[in-house]
Amino acid sequence: MELENRPDVPDEDLAHYEGMLATTVRRALEDMRGRTPPDRWESVVDVAFRRDMIDEQDAAAWKAASA
């Protein structure tokens with residue numbers, strides 16, 4: 001894993017996970033969208049949705065955009 005400082009990320013895209021400041025799952029997925037093969041992307045979105053990490057609106061929008 002590579003950590004980087006992202007001063008360009010707005011506060012609404014940040015959360016604390018186990019005491020550590022990080023991007024939200026939604027933002028992390030958005031950042032990875034163009035770097036993930038399409039077949040794998042749909043699977044990642046499905047898992048995030050099933051685990052209640054993203055909402056139905058985001059899942060549907062990302063899946064429609066990759067179709």
Side-chain angles (χ1 to χ4, degrees):
M1 177 186 337
E2 187 174 319
L3 300 176
E4 62 181 77
N5 184 13
R6 299 277 310 271
D8 61 317
V9 176
D11 288 345
E12 63 267 12
D13 288 341
L14 297 173
H16 284 89
Y17 294 107
E18 297 183 12
M20 185 177 203
L21 188 61
T23 57
T24 60
V25 171
R26 182 187 179 285
R27 177 58 190 252
L29 288 172
E30 187 69 36
D31 289 345
M32 291 303 299
R33 188 169 157 193
R35 296 188 262 175
T36 306
D39 58 323
R40 179 119 192 215
W41 175 251
E42 189 167 328
S43 175
V44 168
V45 170
D46 285 341
V47 169
F49 176 68
R50 282 195 316 268
R51 292 184 179 179
D52 292 324
M53 298 173 141
I54 59 173
D55 62 27
E56 187 173 359
Q57 185 177 4
D58 285 332
W62 285 334
K63 289 172 86 172
S66 67

What one should report as the nearest heavy-atom pair of Val45 and Ala59 is CG1-CA, 3.7 Å
Find out if a path of hydrophobic residues (ILVMFWY) with successive side-chain heavy-atom gaps under 4.5 Å connects Val44 to Met53.
-> yes
Would you mind telling me which of Thr23, Asp31, Thr24 makes a side-chain hydrogen bond (donor to acceptor under 3.5 Å, both in side chains) with Arg27?
-> Asp31
Can Leu21 be reached from Val9 by stepping across I, L, V, M, F, W or Y side chains whose heavy atoms are under 4.5 Å apart?
-> yes
So how far is it from Arg51 CZ to Asp46 CG, rounded to the nearest 0.5 Å?
-> 12.0 Å
SB check Glu30 Arg33 (cutoff 4.0 Å) = yes
Report, as yes or no, whether the 6.0 Å neighbourhood of atom CD on Glu12 holds more than 12 heavy atoms from other residues, nucleotides or ligands.
-> yes
Between atom CZ of Arg35 and atom CZ of Arg40, what is the distance when rounded to the nearest 0.5 Å?
-> 14.0 Å
Give a yes or no on whether Asp8 atom CG has more than 12 heavy-atom contacts from other residues, nucleotides or ligands under 6.0 Å away.
-> yes
List the atom of Ile54, the atom of Arg26, and the distance in Å for their closest heavy-atom pair.
-> CG2-CA, 4.2 Å
Residues Asp13, Arg6; criterion salt bridge (charged side-chain N to carboxylate O under 4.0 Å, His left out); working and verdict | CA-CA 11 Å; Asp13 288 341; Arg6 299 277 310 271; over 6 Å; no
Closest approach of Trp62 to Leu29 (non-hydrogen atoms, all atoms of both residues) | CZ3-CD1, 3.8 Å
